[in-house]
Amino acid sequence: MTKARENSDYTGLAAGIVAGDTAARAGRKNLIINGGFDVWQRGTSGTKAVNGWASGYIAVDRWHTYGADTTQTKSSSTVGTDLVNTLKISGSGTNKLCTHAIENGSRLISGKDVTLSFYIRATTATESLSLNARFGTSLAGDSGDLSIGTVTTTTSWVKHAISFNVTDPSVNTTRHAMLRIASSAEEDFEIAQVQLELGSVATDFEHRSYGEELALCQRYYTNMEYQKGGSVLGFTGDVTSGSSYHLSFSFPTQMRATPSLTWSSWVSVGFPANVTFQETGVNGSNYYATAIQSGASKYFLGGYIADAEL
Amino acid sequence: MNQENNTAWITSCKSQESGWLVNSNMSVPNDPANRHFADVLAWIALGNTPAPEFTDLEIAANAQAETNATSQAYLASTDWYITRQAETGVAVPADVTTARAEAREAIV
């Protein structure tokens with residue numbers, strides 16, 4: 001039999017713990033989703049076609065790019081003492097603007113001391129990056145840029161920590177907070193381990209498992225294309241030409257809003273390549289296809305993309 | 001910052017029962033919180049007109065498909081008359097013979 005431990009057993013240990021240690025190790029402190037750049041459901045590289053807020057999620061989950069001819073690329077590097085994934089922003093275009101939206105983040109950070117920390121390096125030259133916050137009901141925001149600060153990069157990894165306090169002029173529970181990183185010199189840069197936390201102290205980067213981070217990202221974008229891991233939706237059976245066959249499915253997690261849905265066809269016999277989605281909500285959808293042949297063992301198989309990003 | 005273009009990605013748009021079919025493969029819901037829906041509204045505000053859910057040709061094709069399905073189902077449900085006649089010599093009722101002929105005629 002083992003003696004149960006008592007408080008007195010921890011006396012020496014407790015004396016060695018300082019408040020900073022506790023804060024540094026506390027979980028669920030990072031308001032940024034995919035700040036470690038581990039989740040890339042759209043692919044490991046993508047290039048923006050046109051300037052603007054549309055079509056700006058091109059590769060890494062939850063990080064939007066604004067300027068045309070700007071490329072996001074997944075990379076890895078030893079940062080500090082850790083081998084980590086990084087986001088490289090490159091390309092010939094202007095407006096190298098990187099935005100991360102915190103859903104309903106207005107009430108979380110408006111008027112409070114918060115701290116942004118990240119590693120950054122410029123891949124070709126030293127440059128100046130401006131950091132801003134915006135608030136609003138869409139990614140573009142309506143508050144204008146609220147300056148957080150400016151950092152000057154080098155070609156080596158440097159950790160920056162900036163504490164700030166900005167106020168949303170229309171703070172409420174449904175407005176979003178946008179964090180924006182912009183290159184003023186339009187040079188390429190690379191960032192890693194981005195963390196935004198309440199308080200005026202930058203603590204250690206919060207590591208989350210890949211599965212946990214993926215689930216957080218899937219609230220905004222879910223890639224279930226058949227190429228990504230097999231056919232996830234489909235139908236097989238005896239059918240009559242002209243008749244429609246309906247099925248329902250659930251998303252892996254409840255989505256932020258009713259998503260846009262894109263069918264990813266793998267193969268179809270007796271059915272057209274595309275299906276029709278209907279009755280879509282935040283938890284799932286219904287889809288159907290109309291047979292173009294009659295007979296046994298007709299089928300359509302594929303997957304989908306659900307997009308409810310901000 | 002250069003001129004924004006948030007609708008250039010939309011090359012076609014047609015109405016659907018509960019939203020819009022954009023670029024022939026993306027179903028966009030009527031949800032104000034969905035950013036693609038906002039783009040569709042902006043695209044319409046620029047003077048573009050979404051196509052109807054079904055064109056005249058598609059409406060005709062759907063009607064024909066429904067006729068085909070109904071006719072094929074009727075023929076299948078009355079095939080036993082033909083089998084009975086072949087095996088026992090009992091005649092197929094005249095109204096059934098007439099209706100089967102009409103069903104065959106209707107199938108395209």
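Keep in mind it's a predicted model, so treat the numbers as computed, not measured.
- Shown here is Asp56(B), whose CG atom has no more than 12 heavy atoms of other residues, nucleotides or ligands within 6.0 Å.
- Of the atoms belonging to Thr240(A), it is side-chain heavy atoms, and not backbone ones, that fall under 4.5 Å from chain B.
- No part of Thr290(A) comes within reach of chain B, as not one of its non-hydrogen atoms sits under 4.5 angstrom from that chain.
- The two residues Ser241(A) and Ala69(B) have their closest heavy-atom pair at O-CB, 3.6 Å.
- Using a 4.5 Å cut-off between non-hydrogen atoms, the part of residues 16-47 of chain B that approaches chain A consists of Gln16(B), Glu17(B), Ser18(B), Ser24(B), Asn25(B), Met26(B), Ser27(B), Val28(B), Pro29(B), Asp31(B), Ala33(B), Asn34(B), Arg35(B), His36(B), Asp39(B).
- Within 6.0 Å of the CD atom in Glu66(B), the count of heavy atoms belonging to other residues, nucleotides or ligands does not exceed 12.
- Heavy atoms closer than 4.5 Å to chain B are found in the backbone of Leu310(A), but not in its side chain.
- In this structure, chain B has no heavy atom under 4.5 Å from any part of Thr280(A).
- Proximity to chain B is absent for every atom of Ser285(A), based on heavy atoms less than 4.5 angstrom apart.
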